[in-house]
Number of protein chains: 2
Amino acid sequence: MPTRRSKSPIRILSWNVNGLRACAKKGFGDWLEGSGAEIVGLQEVRAEPDQIPTELSQPEHWHASFSPAERKGYSGVGLYARRAPDRIHTALDETRFDSEGRVQIARFGRLAVANVYFPNGNGKDRDNSRVPYKLDFYRRLFERLQRLRRSGARVLVMGDFNTAHREIDLARPKANRRTSGFLPEECAEIDRWLDAGWIDTYRHFDPSPDRYTWWSQRFGVRAKNVGWRIDYVLASPAAMKFVENAMIYSDVQGSDHCPIGVEIDPGIFV
Amino acid sequence: MPTRRSKSPIRILSWNVNGLRACAKKGFGDWLEGSGAEIVGLQEVRAEPDQIPTELSQPEHWHASFSPAERKGYSGVGLYARRAPDRIHTALDETRFDSEGRVQIARFGRLAVANVYFPNGNGKDRDNSRVPYKLDFYRRLFERLQRLRRSGARVLVMGDFNTAHREIDLARPKANRRTSGFLPEECAEIDRWLDAGWIDTYRHFDPSPDRYTWWSQRFGVRAKNVGWRIDYVLASPAAMKFVENAMIYSDVQGSDHCPIGVEIDPGIFV
DNA sequence: CTTATAACG
DNA sequence: CGTTGTAAG
């Protein structure tokens with residue numbers, strides 16, 4: 001059991017940037033430098049590393065790595081860390097998942113950080129045709145991370161889960177029960193994780209309503225805070241012992257999502 | 001033979017707007033109202049009539065007609081006239097031409113105005129693969145308008161010819177002899193028209209160099225006037241008797257082309 | 001470089 | 001509504 005607040009906590013952040021190149025033009029670089037973060041996970045990078053400005057693909061004083069999708073301009077995750085990760089895994093060993101640049105599992109000593117862009121359930125025709133793929137992805141990653149927990153790692157899973165867990169997690173729950181992102185079967189997947197002991201770090205510290213991480217770009221609803229909480233940092237029980245705070249940075253602009261994160265006792269690494 | 005300056009001349013204008021919807025946002029409507037024109041031909045409308053704001057698809061005090069391409073967002077010509085045309089022909093009776101919205105031949109009494117968007121010779125791979133199509137179009141229209149002349153009409157042909165005729169008509173003639181727009185075989189098509197008696201109205205009145213109607217959008221060359229004169233009003237000999245002036249409105253912004261036009265004795269109609 | 005499109009979110 | 005890719009100019 002660690003001694004709490006023995007040192008100043010380190011910050012681990014996650015942000016779906018909705019296109020890193022576009023976000024870069026809106027000040028992503030300044031945000032990164034001012035973030036005070038030790039580790040930053042990005043989702044929806046939507047670029048190959050060599051399409052990204054060098055200051056962001058290989059920034060000074062960071063270890064950066066990217067896992068793009070095969071399809072250009074689509075999906076893709078990226079990880080910045082001030083210390084070098086021991087290794088990064090990007091494969092779930094199933095082509096339909098691994099071709100879409102959705103997962104980075106980075107090891108830093110005893111800490112494992114999974115940076116994840118869970119699939120959107122919307123299909124081509126604004127239907128829910130991609131929900132089965134999304135649920136399969138949830139299950140495949142769940143099995144992988146349960147194994148990682150059992151191996152002794154302290155695990156954080158952060159990213160865009162594309163699912164609001166409970167009615168409190170979206171502004172219009174009644175209207176969206178048949179919308180992907182709040183389908184009963186999607187919420188049940190989150191339930192499975194929590195039932196297995198994973199902790200929704202933000203909800204652990206703040207039971208307040210109206211705390212969202214994504215707002216549709218249509219109709220200017222962000223100004224009215226008509227949003228969804230679909231970005232999370234989940235902690236395994238062993239990791240949760242080191243989590244001192246969880247944050248939602250609703251004021252940060254540059255994407256349709258805002259950054260989220262946790263503050264952690266640095267003892268988590270050793 | 002008309003009496004010159006017996007009445008104030010009427011103005012007939014032509015403009016490749018490079019997307020009427022985009023041009024509309026840059027003040028096309030104000031330009032149209034302030035133009036003092038009797039007839040205005042547009043090229044590269046790049047929209048179906050019902051995609052165009054009503055003020056421009058059915059403007060008050062104008063008779064407007066459009067001939068869009070089958071392919072969305074591509075090519076398309078449009079004509080505004082303060083008096084109703086007797087009729088408008090849009091077909092060259094060859095599908096590969098007529099599907100691309102390139103011609104309107106409007107009759108106003110004894111005056112026939114052909115509003116034309118000649119093909120660009122560039123193919124997909126920045127090659128000259130569409131030059132043969134372009135030359136075929138030139139020839140097909142030439143035959144059609146020669147016939148119209150012989151029928152007794154006073155004919156004006158205005159639009160984006162996509163060809164600079166002589167070295168004086170572009171800023172970098174030496175560098176562009178192998179570029180579509182200044183290929184010998186393209187210039188020869190213009191020669192054919194002039195040899196048949198058509199008059200390049202602008203050149204008739206102004207032998208000056210550095211008079212251009214199009215500037216590449218790349219590298220900001222318009223500020224340096226590195227351009228091409230590829231938009232013309234040609235007049236048949238019978239029409240030329242009524243042409244009192246020809247203009248290039250280089251200062252008008254809103255497209256990569258600028259408007260051009262002629263001033264005509266109104267006796268041309270009767 | 002800019003206007004369009006479509007896919008995706 | 002906005003990002004991205006692609007076609008076209």
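A note on names: the letters A, B, ... follow the listed sequences, proteins ahead of strands, and every chain is numbered from 1.
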DNA chain C-proximal residues of residues 16-35 of chain B, any heavy atom under 4.0 Å: Asn18(B), Gly19(B), Leu20(B), Arg21(B), Ala22(B), Lys26(B)
Whole angstrom value for the distance that separates C1' of dT2(C) from CD of Gln253(B): 14 Å
Atom-to-atom span, CD1 of Ile52(A) to C1' of dT3(D) - whole angstrom: 14 Å
Rounded distance in Å - CZ (Arg130(B)) to C1' (dG9(D)): 11 Å
Identified ring pair (Phe, Tyr, Trp, His ring centres under 6.0 Å) counterpart of Phe161(A) within the set Tyr232(A), Phe137(A), Phe182(A): Tyr232(A)
Parallel, tilted or perpendicular: ring planes of Tyr133(A) versus Phe97(A), cut at 30 and 60 degrees: tilted
Between P of dG5(D) and CD of Glu44(A), the distance in whole Å: 13 Å
Length of the line joining Asp256(A):CG and dT4(D):C1', which is rounded to integer Å: 13 Å
Interatomic distance, Glu100(A) CD vs dG9(C) C1' [rounded to whole Å]: 13 Å
Ring geometry between Tyr138(B) and Phe118(B) (parallel below 30°, tilted from 30 to 60°, perpendicular above 60°): tilted
Gln51(A) CD to dT6(D) C1', straight-line distance once rounded to whole Å: 13 Å
Residue pair Asp231(B) / Thr213(B), side-chain donor-acceptor N/O under 3.5 Å: yes
Trp214(A) and Trp228(A) aromatic ring geometry - parallel, tilted or perpendicular at 30°/60° bounds: perpendicular
Intermediate values then yes/no, side chain to side chain donor-acceptor pair (under 3.5 Å), Ser75(B) and Glu44(B): CA-CA 4 Å; Ser75(B) 187; Glu44(B) 280 204 270; over 6 Å; no
Stepwise side chain to side chain donor-acceptor pair (under 3.5 Å) test for Asn16(B) and Gln43(B): CA-CA 4 Å; Asn16(B) 179 321; Gln43(B) 304 89 42; 5.0 Å; no
Between dT5(C) (P) and Glu48(B) (CD): distance, integer Å: 10 Å
Strand contacts (DNA chain C) in residues 68-80 of chain A, 4.0 angstrom heavy-atom criterion: Arg71(A), Tyr74(A)
CA sep, side-chain torsions, deciding dist, call: Asp256(B), Arg222(B), salt bridge (charged side-chain N to carboxylate O under 4.0 Å, His left out): CA-CA 9 Å; Asp256(B) 50 347; Arg222(B) 186 164 181 173; over 6 Å; no
Nearest heavy atoms of Trp62(A) and Glu33(A), plus distance in Å: NE1-OE2, 3.0 Å
Side-chain donor/acceptor contact of Arg218(B) with base of dG9(D) under 3.5 Å: yes
5′-ward residue of the pair Ala47(A)/Gln217(A) relative to DNA chain D: Gln217(A)
Under 3.5 Å donor-acceptor pair, Arg46(A) side-chain atoms to dT4(D) base atoms: no
